[in-house]
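Some notes on the structure that comes next.
By convention in this document, chain letters (A, B, ...) are assigned in the order of the sequence lines, proteins followed by strands, and residues within each chain are numbered from 1.
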2 protein chains.
Amino acid sequence: MGPLETGIMQPQAYGDEHLSLDFEQRVVLLDNRRLTLTRKEYDLLSLLVQYAGQIVPRDALLMQVWGYSPEIRTRTLDVHVRRLRKKLGAYADQYIETIFGIGYRFQPFHAPRYFQQALERPALAISA
Amino acid sequence: MGPLETGIMQPQAYGDEHLSLDFEQRVVLLDNRRLTLTRKEYDLLSLLVQYAGQIVPRDALLMQVWGYSPEIRTRTLDVHVRRLRKKLGAYADQYIETIFGIGYRFQPFHAPRYFQQALERPALAISA
DNA sequence: CCGCTTTTTACAAAGTTTTTACAACATCCC
DNA sequence: GGGATGTTGTAAAAACTTTGTAAAAAGCGG
């Protein structure tokens, strides 16, 4: 069942001043250079970007990317976030915010830090 | 039902600086010398070339070339890729990229590694 | 049966993911 | 503020998965 059948139409790309993602080709460009991400790294970034501006809870990330249910204890998410940030270089902390005790949030490059959300997809349930 | 009936028009040939394929005659030339490929080798190369610049997932290759469904475990694809690369000689790794955990991608000879796609056919579903 | 092609097998190499251990940091409560 | 507690950051090791490779086995068409 494809996007047409589901009625859910997702943008097939994301782009801001420094970063772009092509969700079809799984290609990520940072300042026009291609970022080589592993599968999980890409899946994680991609998910965060698709919820840009919104907090995505750890549990949701672990469920969507790893298929883990909430009771599983693992640090692999943290490690993946770290590696992602490393690859995002100088912009890392600007792009990927830690929401202590809850999860992470991807912010588009020039996003005003406060007062923001529109055009977004419905939240992935913010536990807490 | 042929290309005209389906409405999908495919180019009947591919060519770049070193390699050319005639999809009608199933003839492959590498630096103007004819490459002798077996049937499966040709089918595989041909499919990859038709999606030049795009990732073709293993599952898609196994389905299109072998008619295998995703649950079948086989290494025959890897072996065929290897033999293809061997026959492509020095250009092998330039032409056929491995996308770890996902599949393979054929890149036209001077393809800019970044920032590329146009005139392509729709992707063969990238198993996310 | 013969020659060629295709697939499997077994092992090596490469790459990826997860865990572990500890440090740093945030939050809560007194 | 300051300690207790829990969470996240970080580096490195360990575990695991995928792909490369060579050789053998199996399949196929004359």
Tell me what Tyr42(A) touches on the nucleic acid: a base, only sugar-phosphate, or nothing, going by heavy atoms under 4.0 Å.
nothing
Residues forming a side chain to side chain contact (heavy atoms under 4.5 Å, CB included) with Val81(B), sequence neighbours excluded:
Leu44(B), Leu77(B), Arg85(B), Ile96(B), Tyr104(B)
Which class fits the ring pair Tyr68(A) and Trp66(A): parallel under 30°, tilted 30 to 60°, perpendicular over 60°?
tilted
Output the rounded distance in Å from [atom1] ([X]) to [atom2] ([N]).
X: Glu97(A); N: dG9(D); atom1: CD; atom2: P; result: 12 Å
X: Asp43(A); N: dT18(C); atom1: CG; atom2: C1'; result: 16 Å
X: Ile102(A); N: dG6(D); atom1: CD1; atom2: C1'; result: 14 Å
X: Ile55(A); N: dT8(D); atom1: CD1; atom2: C1'; result: 16 Å
X: Arg58(A); N: dG6(D); atom1: CZ; atom2: C1'; result: 12 Å
X: Leu62(B); N: dT19(D); atom1: CG; atom2: C1'; result: 13 Å
X: Leu84(A); N: dT16(C); atom1: CG; atom2: P; result: 13 Å

Side-chain N or O of Arg85(B) closer than 4.0 Å to phosphate OP1/OP2 of dG20(D)
yes
On the nucleotide dG9(D), are OP1 or OP2 found under 4.0 Å from the side-chain N or O atoms that Tyr104(A) carries?
yes
For nucleotides 5-10 of chain C, just jot down a letter per nucleotide in 5' to 3' order: B, S or -, based on protein non-hydrogen atoms under 4.0 Å.
SBBBBB
Under a 4.5 Å cut-off applied to non-hydrogen side-chain atoms, are Asp78(A) and Arg58(A) in contact?
yes
Heavy-atom side-chain proximity of Leu19(A) to Phe109(A) below 4.5 angstrom:
no
Regarding Tyr91(A) and Asp16(A), is there a side-chain donor-to-acceptor distance under 3.5 Å anywhere?
no
Tell me the closest heavy-atom pair linking Leu48(A) and Phe106(A), and the distance in Å.
O-CB, 3.6 Å
For nucleotides 25-30 of chain C, print each protein N/O atom paired with a nucleotide N/O atom at under 3.5 Å, atom names and distance only.
none

Can you check side chain to side chain contact (heavy atoms under 4.5 Å, CB included) on Val49(A) and Tyr95(A), steps first, answer last?
CA-CA 9 Å; Val49(A) 166; Tyr95(A) 275 128; over 6 Å; no
Under 3.5 Å, side chain of Gln25(A) to main-chain N/O of Ile55(B), donor-acceptor pair present?
yes
CZ on Arg39(A) to CZ on Arg26(A), rounded to 0.5 Å
8.0 Å
